[in-house]
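I have placed the structure first, in the form of structure tokens, so that the comments after it can refer back to it.
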Amino acid sequence: MKAIVQQGYGRPEQVLELATLERPAVGDDDVLIRVGATSVNTPDWVTVTGVPYILRLKSGLRQPSTPVRGTDVAGVVEAVGKNVTDLQPGDEVFGSLWDDTPLGTFAEFTVAPASRLIKKPATVSFKEAAASVMSGLTAMIAIRDVGQVGPGTTVLINGASGGVGTLAVQIAKALGAEVTGVCSTRNVDLVRSLGADHVIDYTKEDFTRGERRYDVILDNVMNHPPSATARVLTPTGLLIPNSIGNTGRFFAGLPRMARAALIGRGSTRVQFVTCVVNRDNLTALATLLESGDVKVVIDKAYPLSHAASAIGHMLGHHARGKVAIVV
């Protein structure tokens with residue numbers, strides 16, 4: 001099968017190449033998927049560049065221990081393990097391999113645990129389904145579970161035009177919140193079209209100096225000190241930091257995340273969000289997509305052979321919504 005293989009760390013076009021690999025074996029609890037589409041997420045560009053350097057302690061010092069990037073997947077079941085009874089060859093599925101397999105999804109075939117997959121809604125394309133998983137689950141868990149957002153909750157989403165942000169705006173609105181999105185000038189109309197009640201253009205206004213207060217702030221950018229962001233919370237408001245930043249080769253935004261954790265030990269409520277991939281969460285996400293309450297914004301889709309360009313697109317840190325890869 002064809003796959004994108006990473007050799008060392010560096011610029012995507014320097015360390016990624018199209019190669020031929022053996023088709024992966026299927027474990028007893030696994031599903032072999034003919035990949036229809038996948039998408040680019042933060043862990044992909046971080047692992048390709050090896051920046052911040054400190055994260056190489058986990059992925060591998062000289063090169064990543066797993067050569068194929070990608071976690072989100074949508075495709076057709078090719079084969080199933082002997083313990084898998086509710087999926088069969090020919091089923092269209094979507095889900096994620098996040099933190100659970102040595103093989104990624106930037107390939108013609110991949111293997112995923114059946115517990116990380118569900119059947120894809122017929123009204124959702126492979127491209128949309130694949131682009132929804134990590135960002136959609138992160139947004140849903142942050143807004144629904146961590147933030148416990150409901151009718152009348154005032155929510156600010158910093159980075160509202162990105163992969164997580166575009167989905168978070170829509171999920172918060174679907175739950176009845178009053179939503180403020182923060183983005184650049186070129187994305188104001190996009191964020192407003194997703195349902196945001198208020199849109200702040202960060203090139204013209206610093207939301208941390210404004211008068212409005214928020215019950216929940218989902219910060220996907222972390223471009224302000226956490227203490228400044230916390231200043232615009234209501235007295236019982238919650239800050240949800242969700243970015244390692246994109247500057248600084250050794251630690252990038254990790255110190256700022258650490259400072260957010262520190263202020264959380266005082267009077268400010270701070271909670272982090274973890275992307276949990278299971279069938280219950282995938283089913284809830286699928287319901288949102290199928291209902292039309294949430295739509296996946298895709299900035300651009302690339303063929304598998306141009307995966308390096310897809311990651312380079314993400315590295316520009318100005319993608320509107322998601323960057324997809326169609327196989």
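The basis for the numbers below is simple: all heavy atoms, side chains too, and nothing from hydrogens, waters or symmetry mates. Each residue takes its place number in the sequence, starting with 1.
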Original post:
Does any pair with a residue in residues 185-236 pass ring-ring contact (aromatic ring centres under 6.0 Å, His included), and if so which ones, sequence neighbours excluded?
Top reply: F207-H224
Should [X] and [Y] count as side-chain neighbours, where that means a heavy-atom distance under 4.5 Å?
X    : Y    : result
S96  : V73  : no
T110 : P24  : no
T180 : D197 : no
V323 : I311 : no
V270 : I263 : yes

Original post:
Do the numbers put R62 on top of the ring of Y9, so that NZ or CZ is under 6.0 Å from the six-membered ring centre and no more than 45° off the axis?
Top reply: no
Original post:
Is R23 positioned over the aromatic face of F109, cation under 6.0 angstrom from the ring centre and no more than 45 degrees off axis?
Top reply: yes
Tell me yes or no: between the side chains of [X] and [Y], is some donor less than 3.5 Å from an acceptor?
X    : Y    : value
R144 : N281 : yes
T185 : T203 : yes
N187 : R320 : yes

Subject >> Heavy-atom pair with the smallest gap, counting every atom of V232 and G210 >> reply: CG1-O, 4.0 Å
Original post:
For the residue pair V133 and L282, what are the closest heavy atoms and their distance?
Top reply: CG1-CD2, 4.0 Å
Original post:
By salt bridge (Lys or Arg N to Asp or Glu O under 4.0 Å), which residues pair with R11, not counting sequence neighbours?
Top reply: E13
**OP:** Share the residues that join F126 in a hydrophobic cluster, the rule being Ile, Leu, Val, Met, Phe, Trp or Tyr side chains under 4.5 Å apart at the heavy-atom level.
**Re:** V76
